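To keep things clear, I will list the structure first and then write my remarks on it.
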Protein chains: 4
Amino acid sequence: MSTAPDPTRRNDAVRRAILTAAIDQVGEVGYAKLTIERIAKSAGVGKQTIYRWWPSKGALFFDAFLDLAGDGEAAALPDTGDLAADLKLVLGATVDELNDDRLDQAMRALNTEIVLDPALAADYATRLDNPMRELKKARLRSAQQAGQIGEDVDLEVAIDLIWGPILNRWLQRTAPLTREYAEQVVETALRGLLPRER
Amino acid sequence: MSTAPDPTRRNDAVRRAILTAAIDQVGEVGYAKLTIERIAKSAGVGKQTIYRWWPSKGALFFDAFLDLAGDGEAAALPDTGDLAADLKLVLGATVDELNDDRLDQAMRALNTEIVLDPALAADYATRLDNPMRELKKARLRSAQQAGQIGEDVDLEVAIDLIWGPILNRWLQRTAPLTREYAEQVVETALRGLLPRER
Amino acid sequence: MSTAPDPTRRNDAVRRAILTAAIDQVGEVGYAKLTIERIAKSAGVGKQTIYRWWPSKGALFFDAFLDLAGDGEAAALPDTGDLAADLKLVLGATVDELNDDRLDQAMRALNTEIVLDPALAADYATRLDNPMRELKKARLRSAQQAGQIGEDVDLEVAIDLIWGPILNRWLQRTAPLTREYAEQVVETALRGLLPRER
Amino acid sequence: MSTAPDPTRRNDAVRRAILTAAIDQVGEVGYAKLTIERIAKSAGVGKQTIYRWWPSKGALFFDAFLDLAGDGEAAALPDTGDLAADLKLVLGATVDELNDDRLDQAMRALNTEIVLDPALAADYATRLDNPMRELKKARLRSAQQAGQIGEDVDLEVAIDLIWGPILNRWLQRTAPLTREYAEQVVETALRGLLPRER
DNA sequence: ACTTAAGCGAGACGGTACGTCTCGTCTTGTT
DNA sequence: AACAAGACGAGACGTACCGTCTCGCTTAAGT
């Protein structure tokens with residue numbers, strides 16, 4: 001019978017050293033060449049200590065990512081009443097994050113795991129994506145109530161329409177990801193592609 | 001100097017066997033567990049034969065994917081004059097493809113490599129994405145000339161607005177990818193999020 | 001720097017399994033076809049465990065040979081006072097050993113490595129040949145003191161004269177190696193080739 | 001049915017280039033690292049050309065060795081009437097050959113093959129060793145008839161007694177192989193180890 | 001002189017083993 | 001009991017050669 005480790009005895013300094021080492025090493029060698037052994041060495045930790053607490057490189061990295069990104073996460077999207085301005089602000093910040101090398105590396109790594117591993121994808125959805133989606137939806141619902149978004153618009157679709165293009169351009173490197181592009185996306189999404197009726 | 005192999009001496013039957021084996025085995029064990037050795041065994045081929053012609057698993061898989069997907073690639077997007085209907089048709093087909101298990105597996109694998117390897121991403125852009133983008137842009141330009149898309153709309157942004165949400169939902173498995181969703185995206189993208197003026 | 005493994009952590013059961021497997025497999029397929037992989041498989045051991053402790057097949061085999069031969073090694077040559085009889089006894093035993101298939105295979109293999117690799121030859125000299133030579137020299141010196149060997153005879157040459165022919169016939173398979181031949185060698189070496197003075 | 005190659009069509013320049021390359025490369029990298037591919041490259045020859053005419057590296061090398069050594073081979077051993085002097089002359093020359101780096105390398109390589117491969121050993125016996133043995137025996141027989149060797153001495157044993165020690169010391173590198181040593185061996189073998197009767 | 005059937009250089013091919021790397025498990029002290 | 005250290009069985013990595021197999025090209029007979 002496998003005796004599960006007792007979390008109360010866990011040494012938190014060790015845990016943090018491992019998470020930090022994971023992020024550090026991803027920056028140095030990239031996710032593909034990141035090995036458990038390398039993380040252990042860099043953290044000054046035995047391999048077993050890693051295997052005791054995480055089932056896989058992906059799971060470890062996911063925690064490391066949360067540790068990195070989750071801290072500064074805003075509790076809510078700004079709501080000044082000007083939807084377009086608020087979205088441009090938020091997406092501009094997102095663009096900046098994605099252009100930051102450390103975060104770019106880490107998020108690409110995370111994405112790799114999520115794309116191939118449905119279990120991690122579910123975990124990701126629960127712990128990161130859904131909460132974020134709720135914040136986004138809250139802001140859009142507020143706009144909808146203020147009459148700035150059509151009543152018949154599905155907010156899920158609205159979110160995808162605004163954030164999807166940015167994430168896509170980032171992932172596929174179709175073209176450089178700039179704040180200008182983000183603003184164009186916001187404007188076009190809000191207004192639609194059709195010619196303006198007069 | 002490393003003498004590159006002479007392509008004229010290449011045995012094409014062997015090449016096709018390798019590409020086929022690569023796709024087969026990705027379906028059986030997934031991309032993460034796909035090894036060159038396994039592909040070689042499955043193709044009845046020596047490992048060196050693979051290493052002679054491809055520099056990495058990613059590069060091999062990219063060729064295999066092109067072999068799989070590229071053949072049936074349409075030469076142009078339909079243009080019946082009804083932009084919404086045409087887009088729904090095309091995106092519906094895309095949705096079906098992404099729900100086909102073999103293609104889903106292969107495209108996810110490809111995506112993994114592209115996300116982490118800028119060189120492959122560039123290759124992907126040149127050989128697959130850009131040509132497809134041109135076809136899409138051509139259809140949208142035709143619509144623009146017909147007055148169905150605003151003259152001030154940037155067609156690059158338009159493409160991202162239509163295709164981005166679908167690809168994103170597929171990659172991140174936010175929710176099941178259905179034809180209905182695709183239709184909603186088309187309609188919302190065309191019409192915009194703003195309430196209709198009256 | 002390459003950190004040498006810590007010998008105190010070594011698992012001795014594993015070490016013995018490897019040495020045994022090496023001897024076994026040499027008997028089955030011969031030294032030329034003996035591979036590290038085969039030894040590992042036969043010993044139920046990972047390849048790395050072999051490479052961790054031995055730098056080459058030759059070095060491993062050398063240890064395996066010592067393990068095989070060294071155990072029964074006599075501490076001293078018999079000294080009954082009758083030099084010829086003692087030598088015939090010892091050489092007869094040597095002949096039997098060389099005609100034993102397992103030892104024959106192993107010693108030929110060892111010889112192969114020694115002939116081509118001076119480093120191993122030096123190791124062989126230190127750990128096997130020199131100790132044996134000392135025993136031989138001790139016996140001959142005793143005979144010399146007893147007046148059974150000329151005082152001006154160089155004992156190194158004497159050893160070569162007695163053992164050289166036997167080893168040579170064995171190595172080169174000039175003719176079958178028999179006890180009779182060994183006895184003839186002893187007698188002729190002692191008496192010399194010249195006709196007897198009267 | 002495998003059509004054996006027609007020796008009359010053989011290109012002798014190619015044959016010689018291969019043999020030369022074999023000797024050259026053994027000198028450069030040693031026999032263990034000598035590969036057919038390397039010989040082929042060095043000789044400017046296709047691999048198939050080698051495989052067409054020789055069944056193995058050993059067989060090829062054997063021919064190469066004959067080509068190298070066989071040419072200058074004396075037809076008979078000197079017979080001045082002074083057996084000791086003649087033997088010292090011959091063995092001195094042998095010692096010099098064994099101390100020549102090129103020949104040393106080549107003969108060690110040959111020896112390696114012979115020790116492990118009985119078929120090659122037989123070939124070696126037929127084509128090199130037996131003829132040489134006959135020459136040696138002829139010289140000793142002549143000495144025996146001249147009363148310089150006891151009538152009851154087995155000449156095969158005599159040959160082993162004289163040449164065995166030298167070959168052994170060379171193969172096992174027990175100690176440096178010098179002309180002085182050869183002379184000592186000759187004298188001791190002729191006179192025997194027993195003290196001189198008076 | 002003209003076919004034609006080798007020999008030949010070149011090197012792709014299916015394999016096997018190399019020696020290295022990392023995996024995830026297990027064992028041995030240390031704290 | 002968690003931990004650092006690291007040996008261990010397992011097996012993939014990418015490389016080097018094996019011996020076989022075309023592929024064109026010379027190059028000598030034999031008609």
Side-chain angles (χ1 to χ4, degrees), chain A residues 2-3 5-11 13-15 33-38 40-41 43-57, chain B residues 3 5-11 13-15 17 33-38 40-41 43-53 55-57, chain C residues 3 5-11 13-15 17 33-38 40-41 43-53 55-57, chain D residues 2-3 5-15 17 33-41 43-53 55-57:
Chain A
S2 73
T3 31
D6 176 356
T8 65
R9 295 191 135 250
R10 184 167 193 179
N11 182 337
V14 165
R15 178 179 158 274
K33 290 196 176 177
L34 183 67
T35 67
I36 298 279
E37 238 150 44
R38 189 183 187 101
K41 183 82 71 180
V45 139
K47 287 199 301 177
Q48 192 54 51
T49 303
I50 295 182
Y51 284 110
R52 182 153 38 233
W53 302 110
W54 290 276
S56 68
K57 186 174 77 163
Chain B
T3 29
D6 176 356
T8 65
R9 298 184 128 254
R10 185 166 193 181
N11 183 337
V14 164
R15 179 180 155 272
K33 291 196 176 176
L34 183 65
T35 66
I36 299 279
E37 235 153 44
R38 188 181 187 104
K41 183 84 70 179
V45 140
K47 285 202 297 178
Q48 192 55 53
T49 302
I50 294 183
Y51 284 110
R52 181 150 42 228
W53 302 110
S56 67
K57 185 173 79 163
Chain C
T3 29
D6 176 356
T8 66
R9 298 185 128 253
R10 186 167 191 179
N11 182 336
V14 163
R15 180 181 155 271
K33 290 196 176 176
L34 182 66
T35 65
I36 299 278
E37 234 153 45
R38 188 180 186 104
K41 182 85 70 181
V45 138
K47 288 200 299 177
Q48 191 55 51
T49 301
I50 295 183
Y51 284 109
R52 181 153 38 230
W53 302 110
S56 67
K57 186 175 76 164
Chain D
S2 73
T3 30
D6 176 356
T8 65
R9 294 188 137 250
R10 184 167 192 179
N11 183 337
D12 199 60
V14 164
R15 179 181 156 273
K33 290 196 176 176
L34 182 66
T35 65
I36 297 278
E37 238 154 40
R38 188 181 187 103
I39 297 172
K41 183 83 70 180
V45 139
K47 287 200 300 177
Q48 192 55 51
T49 303
I50 294 182
Y51 284 108
R52 180 151 41 229
W53 302 109
S56 68
K57 185 174 78 163

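Side chains are part of it too, since the values below use all heavy atoms of this structure and drop only hydrogens, waters and symmetry mates. Worth saying up front: this structure is predicted, and the values here are computed from it rather than measured. Letters A, B, ... mirror the listed sequences (proteins, then strands); counts begin at 1.
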Under 3.5 Å, N/O pairs linking protein and nucleotides 16-26 of chain E:
from	atom 1	to	atom 2	distance (Å)
dC18(E)	OP1	Ile36(C)	N	2.9
dC18(E)	OP2	Ile36(C)	N	3.4
dC18(E)	OP2	Glu37(C)	N	3.0
dG19(E)	OP2	Tyr51(C)	OH	2.6
dG19(E)	N7	Lys47(C)	NZ	2.9
dG19(E)	O6	Lys47(C)	NZ	2.7
dC21(E)	N4	Gln48(C)	OE1	2.8
dC23(E)	OP1	Ile36(A)	N	3.0
dC23(E)	OP2	Ile36(A)	N	3.3
dC23(E)	OP2	Glu37(A)	N	3.2
dG24(E)	OP2	Tyr51(A)	OH	2.8
dG24(E)	N7	Lys47(A)	NZ	3.1
dG24(E)	O6	Lys47(A)	NZ	2.6
dC26(E)	N4	Gln48(A)	OE1	2.5

Would you say the side chain of Ile36(A) lies within less than 4.5 Å of the side chain of Trp54(A), judging by non-hydrogen atoms?
->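 Counting from C-beta outward, Trp54(A) and Ile36(A) never come under 4.5 Å.
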Can you give one letter per nucleotide of nucleotides 23-31 of chain F, 5' to 3': B if a protein heavy atom sits under 4.0 Å from the base, S if only from the sugar-phosphate, - if neither?
-> B----B---
Side chain of Arg52(A) (C-beta onward), nearest among dA2(F), dG7(E), dG14(E) |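 From the listed options, dA2(F) comes nearest.
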Name the closest nucleotide to the Asp6(D) side chain, picking from dG9(F), dA2(F), dG7(E).
->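 Side chain of Asp6(D) sits closest to dG7(E).
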If you look at every strand shown and take non-hydrogen atoms under 4.0 Å, does Trp53(A) touch a base, only sugar-phosphate, or nothing?
->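 Sugar-phosphate only.
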If you measure from CD1 on Ile50(D) to CZ on Arg52(D), what distance do you get to the nearest 0.5 Å?
->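 Atom-to-atom, Ile50(D):CD1 and Arg52(D):CZ are 10.5 Å apart.
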Distance from Thr49(B) atom OG1 to Arg15(B) atom CZ, nearest 0.5 Å?
->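 Going from the OG1 atom of Thr49(B) to the CZ atom of Arg15(B) covers 14.0 Å.
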Shortest non-hydrogen contact from Ala43(C) to Ala17(C)?
->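 For Ala43(C) versus Ala17(C), the nearest heavy atoms are CB-O, 3.7 Å.
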Which residues pass the salt bridge (charged side-chain N to carboxylate O under 4.0 Å, His left out) test with Lys47(C), sequence neighbours left out?
->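 Partners of Lys47(C) by the salt bridge (charged side-chain N to carboxylate O under 4.0 Å, His left out) criterion, ordered by chain and then number, come out as Glu37(C).
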Taking only the side-chain nitrogens and oxygens of Thr49(D), find out if one of them lies under 4.0 Å from OP1 or OP2 of dG7(E).
->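 Answer is no, no contact under 4.0 Å.
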Considering heavy-atom distances to DNA chain E, does Ala43(B) or Ala43(D) have its closest nucleotide positioned more toward the 5' end?
->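 Upstream on the strand: Ala43(D).
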